[in-house]
Peer 1: 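Please see the structure below; I have some questions.
Chain letters run A, B, ... following the sequence lines, proteins first, then strands; residues in each count from 1.
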Protein chains: 2
Amino acid sequence: MRKALDAAQQAAQRGEVPIGAVVVREGQLLAQAHNWRETWRDPTAHAELLALQEASRRLGGWRLDGCDLYVTLEPCPMCAGAAVLARVRWIYFGATDPKVGALVSRLQLLDVPWNHRPGITGGVLASECGTILSEFFRRLRLR
Amino acid sequence: MRKALDAAQQAAQRGEVPIGAVVVREGQLLAQAHNWRETWRDPTAHAELLALQEASRRLGGWRLDGCDLYVTLEPCPMCAGAAVLARVRWIYFGATDPKVGALVSRLQLLDVPWNHRPGITGGVLASECGTILSEFFRRLRLR
């Protein structure tokens with residue numbers, strides 16, 4: 001999650017909402033990404049989606065068996081859905097997202113018996129993951 | 001939907017699961033895409049996601065206000081979530097997807113009061129949209 005936080009920090013420096021994600025398999029970092037929505041003007045350029053895409057490029061296949069996704073904020077429906085499609089083993093997230101969180105907050109996407117369902121653990125470094133976001137928005141309002 | 005079916009047909013010729021999508025605004029075709037998952041080895045390379053990305057490139061922004069998404073098969077959670085993020089006005093889909101359909105079949109993603117919720121109309125050229133898929137899988141089994 002520290003690596004995901006590093007990515008979130010880079011997003012903030014680029015003026016992007018600071019959310020970061022990494023994909024790890026057997027202790028190896030396969031992908032690290034942050035949110036690029038504003039810069040790329042792409043509604044789908046979320047950290048998780050980009051990290052999953054990078055990991056599948058690295059592994060040369062779309063099945064990310066045995067891979068774990070770490071993300072600083074609870075994934076939205078798009079990203080949670082992508083993790084299911086990619087057959088991610090486990091999703092670790094930091095802060096919860098009361099607005100669009102699709103794992104526990106707004107929707108419980110993994111309660112549906114999909115063909116594959118990653119395990120989930122929330123609250124990992126939640127305070128740090130949440131603070132980087134609240135600080136970003138506080139500064140934005142001050143401008 | 002005819003244009004989405006054309007894209008699905010191209011997917012089948014490439015050995016991809018034949019699902020096609022287009023994005024239209026005010027009668028203008030902004031994007032046309034099909035599923036590329038196997039060729040690109042990318043779990044996120046669904047027709048809808050690619051069409052939304054192309055449309056946002058064409059429009060130069062991530063907000064697809066006033067845009068409608070046409071897709072031959074009911075979207076999965078990832079793609080339905082992406083349509084919400086992109087602020088698509090309306091989603092028209094052909095066949096329903098009892099396995100992973102996230103609009104009416106397996107999940108009713110738009111029953112959640114998200115900030116933005118596209119309208120939905122299902123069953124558009126449903127028979128043709130379904131047949132192209134069942135034919136594809138029938139041939140695959142015969143091989």
Peer 1: Please rank B:Ala83, B:Gly61, B:Ala45, B:Ala55 by heavy-atom pairs under 4.5 Å with chain A and give me the top one.
Peer 2: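 The option with the most such pairs is B:Gly61.
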Peer 1: Please report the shortest heavy-atom distance between A:Ser56 and B:Pro43, naming the atom on each side.
Peer 2: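 Closest heavy-atom pair between A:Ser56 and B:Pro43: OG-CD, 3.4 Å.
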Peer 1: Between A:Val23 and A:Val124, is there shared hydrophobic-cluster membership here, with clusters defined by ILVMFWY side-chain heavy atoms closer than 4.5 Å?
Peer 2: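 No, separate clusters.
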Peer 1: When you look at CZ of B:Arg41, are more than 12 heavy atoms from neighbouring residues, nucleotides or ligands closer to it than 6.0 Å?
Peer 2: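 No, CZ of B:Arg41 has 12 or fewer neighbouring heavy atoms, counting only those of other groups under 6.0 Å.
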Peer 1: Please check this pair: side chain of B:Arg106 against backbone of A:Pro113, looking for a donor-acceptor N/O pair closer than 3.5 Å.
Peer 2: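 Present.
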Peer 1: Does A:Val104 have any side-chain contact (heavy atoms from CB on, under 4.5 Å) partners at least two apart in sequence or in another chain, and if so, which?
Peer 2: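 Per chain and number, A:Val104 pairs via side-chain contact (heavy atoms from CB on, under 4.5 Å) with A:Glu74, A:Phe93, A:Thr96, A:Ile120.
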Peer 1: Rounded to the nearest 0.5 Å, how far apart are CE of A:Met78 and CG of B:Leu52?
Peer 2: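 A:Met78 CE to B:Leu52 CG: 9.5 Å, rounded to 0.5 Å.
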Peer 1: Which residues pass the side-chain contact (heavy atoms from CB on, under 4.5 Å) test with A:Arg58, sequence neighbours left out?
Peer 2: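 In terms of side-chain contact (heavy atoms from CB on, under 4.5 Å), with neighbours along the sequence ignored, A:Arg58 is linked to A:Gln28, A:Leu30.
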Peer 1: With a 4.5 Å cut-off on side-chain heavy-atom distances among I, L, V, M, F, W and Y, is there a chain of contacts connecting A:Met1 to A:Val71?
Peer 2: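 A:Met1 and A:Val71: separate clusters.
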Peer 1: Answer whether the closest heavy-atom distance between the side chains of B:Trp40 and A:Arg57 falls below 4.5 Å.
Peer 2: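 Side chain of B:Trp40 against side chain of A:Arg57, heavy atoms only: no contact under 4.5 Å found.
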Peer 1: With hydrophobic residues grouped by side-chain heavy-atom distances under 4.5 Å, do B:Leu29 and B:Leu5 end up in a single group?
Peer 2: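 Yes, B:Leu29 and B:Leu5 fall within the same hydrophobic cluster.
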Peer 1: Checking B:Val112 against chain A: side chain, backbone, both or neither under 4.5 Å from a heavy atom?
Peer 2: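 Answer is side chain: those atoms of B:Val112 sit under 4.5 Å from chain A.
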Peer 1: I'd like to know which of A:Val84, A:Leu59, A:Leu85, A:Leu49 tops the heavy-atom pair count under 4.5 Å against chain B.
Peer 2: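 Of the options given, most contacts go to A:Leu85.
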Peer 1: Are A:Leu133 and A:Val100 linked, directly or through intermediate hydrophobic residues, by side-chain heavy-atom contacts shorter than 4.5 Å (ILVMFWY only)?
Peer 2: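 Looking at the clustering, A:Leu133 is in the same group as A:Val100.
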Peer 1: Name the option with the most non-hydrogen atom pairs under 4.5 Å to chain A; the candidates are B:Lys99, B:Arg87, B:Gln53.
Peer 2: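 Of the options given, most contacts go to B:Gln53.
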Peer 1: Quick one: of A:Ala80, A:Ala82, A:Cys76, who has the most non-hydrogen atom pairs under 4.5 Å with chain B?
Peer 2: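 Most pairs with chain B among the choices: A:Ala82.
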